[in-house]
Number of protein chains: 2
Amino acid sequence: MNGLTEMLKGVLEGVVLQKISQGETYGYEITRYLNELGFEDIVEGTVYTVLIRLEKKQLLTVTKRKSKIGPMRKFYTLNAAGVAYLASFWEKQAFIEEKLRMIKGEA
Amino acid sequence: MNGLTEMLKGVLEGVVLQKISQGETYGYEITRYLNELGFEDIVEGTVYTVLIRLEKKQLLTVTKRKSKIGPMRKFYTLNAAGVAYLASFWEKQAFIEEKLRMIKGEA
DNA sequence: TACTGCTATATTGTATTGCTAAGTAGATAA
DNA sequence: TTATCTACTTAGCAATACAATATAGCAGTA
């Protein structure tokens, strides 16, 4: 799927949060997950900037640990604010999807 | 619904195209329509920039006509490229919605 | 006339965001 | 040594939604 860039704005943040909410993970793994899921063009750089942004917004807790097969990893989990933010994301997404159905004439 | 701004990026363009596809219309009317639909915070300035962008992308045909109750109106309709672009928008949206369901664990 | 309000479009600047591109660095296998 | 995979960082760019402001036509009213 091409030309998704603009439509991912806002959505990508929620996707990353959702992934983290399902269990402690790190940037590289998140990127691989998104690629496998079908977001083939999303690269590491994009995910890392999202993670740093979420960290600045204080939605994540971070732990640095060694990896056996490479350099240090930064493991992320959601804190309470992150959980709330994620819930808010899904509400917004549901709202937009509902309005889109209405505009399209399916409701 | 607050904080939709970032999530509207990419979507708003499709919404405006869809509205125009349903019959000749103009910026002010589109804004009113979106407000009534529930996008309460979308203002004229936002819609006009979208329209000008779509016009530059050559997706619209434009006709200026007088109004009895105010200044000149710019009426928009979709051309062939606009129809194709709109179809592409809905495909991308369906793709993203599908992936979101997968991530959320509903698929 | 002067004003107020509604209709209608245009423009400028800003913040946010996804992405590109380049770099740094550890571990492992050839 | 070299290459490859893992793993994170950063500078800068392009696109977008939005705020703010400006311009202007028309109707009603005092």
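In what follows, every heavy atom counts, from backbone to side chain, and hydrogens, waters and symmetry copies are set aside. Every chain is numbered from 1, with letters handed out A, B, ... down the list of sequences.
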Ring centers of B:F39, B:Y33 separated by less than 6.0 Å | no
Ion pair present between B:K57 and B:E13, side-chain N to carboxylate O less than 4.0 angstrom?
-> yes
Could you state the CG-P distance from B:L8 to C:dT17, rounded to the nearest angstrom?
-> 13 Å
Starting at NZ of B:K56 and ending at P of D:dA14, how long is that distance when rounded to a whole Å?
-> 15 Å
C:dG18 phosphate, OP1 or OP2: any side-chain N/O from A:T46 under 4.0 angstrom?
-> no
Answer yes or no: does a side-chain N or O of B:R53 lie under 4.0 Å from OP1 or OP2 of D:dT16?
-> yes
May I ask you to say what B:E29 touches in the nucleic acid, namely base, sugar-phosphate or nothing, with a heavy-atom cut-off under 4.0 Å?
-> nothing
Do any N or O atoms from the side chain of A:T46 and from the backbone of A:I42 form a donor-acceptor pair under 3.5 angstrom?
-> no
NZ/NE/NH1/NH2 to OD/OE distance under 4.0 Å, B:R101 and B:E98 = no
Base, sugar-phosphate, or nothing: which does A:K74 touch, judged by heavy atoms less than 4.0 Å apart?
-> sugar-phosphate
Less than 4.0 Å between a side-chain N and a carboxylate O, is that true for B:R32 and B:E44?
-> yes
Where each residue is assigned the nucleotide of DNA chain C containing its nearest heavy atom, which of B:T49 and A:L12 is assigned the position nearer the 5′ end?
-> B:T49
Does A:R65 count as lying over the ring of A:F75, i.e. NZ or CZ under 6.0 Å from the six-ring centre, within 45 degrees of the axis?
-> yes
Would you kindly give the CG-to-P distance between A:L51 and D:dT9, to the nearest whole Å?
-> 9 Å
So, is A:Y48 near the phosphate of D:dC8, with a side-chain N or O under 4.0 Å from OP1 or OP2?
-> yes
Between A:E6 and A:E44, the residue closer to the 5' end of DNA chain D by nearest nucleotide is A:E44
Salt bridge B:R73-B:E29, side-chain N to carboxylate O under 4.0 Å | no
Give a yes/no on whether any side-chain N or O of A:K68 is located under 4.0 angstrom from OP1 or OP2 of C:dT28.
-> no
Mind calculating the distance between CE (A:M7) and P (D:dA14) to the nearest angstrom?
-> 23 Å
If you find the nucleotide of DNA chain D closest to B:K57 and the one closest to B:G45, which residue's nucleotide is nearer the 5' end?
-> B:K57
Protein N or O to nucleotides 5-7 of chain C N or O, pairs below 3.5 Å:
unit_1, atom_1, unit_2, atom_2, d
C:dT7, OP2, B:Y28, OH, 2.9

Which whole-number value in Å describes the distance from B:I42 CD1 to C:dA8 C1'?
-> 18 Å
Figure out the CD/C1' separation between B:E55 and C:dA10, and round it to whole Å.
-> 12 Å
5'-most contact on DNA chain C: A:E13 or A:D41, nearest heavy atom basis?
-> A:E13
Whole-Å distance separating the NZ atom of A:K64 from the P atom of C:dG26 = 12 Å
Using atom CD1 of B:I52 as one end and atom P of D:dT16 as the other, report the distance to the nearest whole Å.
-> 13 Å
Taking atom CE of B:M72 and atom OH of B:Y26, what is their separation to the nearest 0.5 Å?
-> 13.5 Å
Donor-acceptor pair under 3.5 Å, B:K9 side chain vs C:dT16 base = yes
